Enquirer: 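I am attaching a structure below and will ask some questions about it afterwards.
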Protein chains: 2
Amino acid sequence: MDISTVTEKVLRKFESRMAMGADDRAQIAALPFKVRTIDASTYMLREGQRPTRCAFILEGLAYRQKLTPNGEREIVSILMPGEFVDLQNLFLDESDHDIQALTRLTLAEVPIAALRLFIEACPAAGQALWIDALVESSIHREWLLNVGRRNARSRLAHLLCEFSVRFQKSTLADAMAYELPMTQEQLGDALGLTPVHVNRVLKSLETDGLIARKKRQVSVIDWPRLRDAAEFNERYLHLGQIRR
Amino acid sequence: MDISTVTEKVLRKFESRMAMGADDRAQIAALPFKVRTIDASTYMLREGQRPTRCAFILEGLAYRQKLTPNGEREIVSILMPGEFVDLQNLFLDESDHDIQALTRLTLAEVPIAALRLFIEACPAAGQALWIDALVESSIHREWLLNVGRRNARSRLAHLLCEFSVRFQKSTLADAMAYELPMTQEQLGDALGLTPVHVNRVLKSLETDGLIARKKRQVSVIDWPRLRDAAEFNERYLHLGQIRR
DNA sequence: CGTGTATTTGATAAGAGTCAACTCCCGTGG
DNA sequence: CCACGGGAGTTGACTCTTATCAAATACACG
């Protein structure tokens, strides 16, 4: 991917959160991004590591996961194009989780030190990253509510609603039909369910006419009912949090 | 509480994360904190509100909760003395959750605008707050793993371990014996369990000799076994993240 | 001392997990 | 071109953890 395209995408990301001045834009263009492509399921970072670079997703999806000592996994975040993957590591030394490519992934990487200098020199950009980090924290909280207090059907419906909204925002897909990028096992790991049960619930959502499926293609048939089943309210995504 | 004591406590908080220069200290002292005391279970903030002040906890405990439309609750964070409660609202307009006092609480409140100016003028302090926000995010992720993938016994043991470590850090208590500030119903809401089941698991931890209880006083009898039952590893608390 | 909240206990039910087998799909190589 | 292999998805039978319902007890506070 062309470096000017990269700058363009990064800039658009910042602009979506905060108005950027001409000087800010010049500084973004000067950031030493390196583009890299990695295959699905490649580890970008492992728990305990101390990364020196920070990645911005240009194309594809990634996820954060945590493992228990006996190998059980919880997927705690899905990361989409236009998101910085490593904001943690901007200020924390040691990673507390793994980050793995969900699909084939194109990244723009920048040294953490450079990014740190950049946000000091450019407060508006720093604020944009703050917002990003805070929104991810908000999503964590919604997921906690989801896993802790909703039954399997609501949980899965909720994840489908979230995908719909976030994919649309990333312009990855029409809101009402998208390619689910995860296996049912991965869905289970994101929801605290077994893959077998994910399968049954998915089928039940389909037979009840809330969604249709063809392979991993998901189409929302009845958004109001899906949203109600999920108790989905997009407030936690803070989508209005733009250019304050 | 004396205003100089307040400044002292806030300063100590920042110093624990980053070295503060003389100028930084003067700026902290100049922040217009207002001390306020509120009763247990008072709401400090409700979902959807747009707060104008940010609170620092001087004494007591608070928690964040989210509610489902039909009234089920998930407690998503426990907040301890020395923590800023409203970092979200530094950069997000609308609160995505409620914040409620767990015990009687003494707060130092400062206008969000003042805090925002302060961190722009004082990058080290801004960085300290970044670290705080990122650590809370990390705790959210560990809780997701806890609720999503561990059984009731491990979950509860994990929360007890976390309390032990965090209380000790706040010097609220000896690490191995502390007053649990929550009802069993609240414990259940933090763990995605019913109060009845919390009660049974608590009793089983006691009869197995991992803990002892007298009213809400919890004493860790066998830390190694409790830690193992919890699969507790304090990495996610980023306690070493001090004065980089 | 009575009243309300928190805790404890028992009996039963239900949602989700486990185990195991089978099918489908897709890419690979003979 | 087709057989093969492996991963993902599907299905059924059964189990188990945790929820639910209900009642009793303990405890704090006025």
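Throughout, protein chains are lettered first and strands after them, A, B, ... in sequence-line order, and every chain is numbered starting at 1. The structure displayed is predicted, hence computed values, not measured ones.
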Enquirer: How about L191(A) and W143(A): do any of their side-chain heavy atoms sit closer than 4.5 Å?
Expert: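 Of all side-chain heavy-atom pairs linking W143(A) with L191(A), none is under 4.5 Å.
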
Enquirer: At under 4.0 Å between heavy atoms, what does G188(B) touch on the DNA or RNA strands: base, sugar-phosphate, or nothing?
Expert: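 No contact.
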
Enquirer: Can you give each donor-acceptor pair under 3.5 Å made by side-chain atoms of residues 50-60 of chain A, sequence neighbours left out, with the distance rounded to 0.1 Å?
Expert:
{"unit_1": "E59(A)", "atom_1": "OE1", "unit_2": "T106(A)", "atom_2": "OG1", "d": "3.4"}

Enquirer: Sugar-phosphate means primed atoms, P, OP1 and OP2; the rest is base. With that split, encode nucleotides 7-12 of chain C 5' to 3' as B, S or - using protein heavy atoms under 4.0 Å.
Expert: SBBBB-

Enquirer: Using ring pair (Phe, Tyr, Trp, His ring centres under 6.0 Å) as the criterion, list what pairs up with H97(B), not counting sequence neighbours.
Expert: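 Testing H97(B) for ring pair (Phe, Tyr, Trp, His ring centres under 6.0 Å), a comparison that skips the adjacent residues, returns none.
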
Enquirer: For L191(A) and dG17(C), what is the distance between atoms CG and P respectively, to the nearest whole Å?
Expert: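 Between P of dG17(C) and CG of L191(A): 10 Å.
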
Enquirer: Rounded to whole Å, how long is the line connecting atom CG of D189(B) with atom P of dA6(C)?
Expert: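 In whole Å, dA6(C) P lies 12 Å from D189(B) CG.
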
Enquirer: Flag the pair Q100(B) / S41(B) as yes when at least one side-chain heavy-atom distance between them is below 4.5 Å, and no otherwise.
Expert: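 In contact.
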
Enquirer: Can you check the L102(B) CG to dA6(C) C1' distance for me, whole Å?
Expert: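 Rounded to the whole Å, the gap is 15 Å.
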
Enquirer: I need the CG-P distance between L187(B) and dA19(D), as an integer number of Å.
Expert: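 Taking atom P of dA19(D) as the reference, CG of L187(B) is at 13 Å.
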
Enquirer: Got L226(B) and D222(B) here, is their nearest side-chain heavy-atom distance under 4.5 Å?
Expert: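 No, side chains not in contact.
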
Enquirer: Any Lys/Arg nitrogen of R104(B) or D39(B) sitting under 4.0 Å from an Asp/Glu carboxylate oxygen of the other?
Expert: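 Yes, charged N to carboxylate O under 4.0 Å.
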
Enquirer: Where does the angle between the aromatic ring planes of F232(A) and Y236(A) fall among parallel (under 30°), tilted (30 to 60°) and perpendicular (over 60°)?
Expert: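 Ring orientation of F232(A) relative to Y236(A): perpendicular.
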
Enquirer: Give the rounded distance in Å between these two atoms: CG of L156(A) and P of dG9(D).
Expert: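 It works out to 12 Å between those atoms.
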
Enquirer: Determine, for R149(A) against D189(B), whether the closest basic-nitrogen to carboxylate-oxygen distance falls under 4.0 angstrom.
Expert: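 Looking at R149(A) and D189(B), the cut-off is met.
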
Enquirer: So do L187(B) and L180(B) actually touch side chain to side chain, heavy atoms under 4.5 Å?
Expert: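 L180(B) reaches L187(B) side chain to side chain.
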
Enquirer: What residues from residues 143-155 of chain A pass a heavy-atom cutoff of under 4.0 Å to DNA chain D?
Expert: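 Those residues whose heavy atoms fall under 4.0 Å from DNA chain D, taken from residues 143-155 of chain A, amount to none.
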
Enquirer: In whole angstroms, how far is the P atom of dA8(D) from the CD atom of Q217(A)?
Expert: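 After rounding, the reported distance stands at 19 Å.
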
Enquirer: Rounded to the Å, how far apart are L180(A) CG and dG9(D) C1'?
Expert: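 After rounding, the reported distance stands at 13 Å.
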
Enquirer: Among Q65(A), E74(A), R73(A), exactly one meets side chain to side chain contact (heavy atoms under 4.5 Å, CB included) together with L145(B). Which residue is that?
Expert: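 Checked Q65(A), E74(A), R73(A) against L145(B); only one passes side chain to side chain contact (heavy atoms under 4.5 Å, CB included): E74(A).
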
Enquirer: Can you name the side chain to side chain donor-acceptor pair (under 3.5 Å) partners of Q217(A), sequence neighbours left out?
Expert: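 Expected list: none.
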
Enquirer: Give the rounded distance in Å between these two atoms: CD of E72(B) and C1' of dT18(D).
Expert: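 Taking CD of E72(B) and C1' of dT18(D), I get 14 Å after rounding.
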
Enquirer: Find every protein N or O atom lying less than 3.5 Å from an N or O atom of nucleotides 24-27 of chain D, and list the pairs.
Expert:
{"unit_1": "dC27(D)", "atom_1": "O3'", "unit_2": "K215(B)", "atom_2": "NZ", "d": "2.8"}

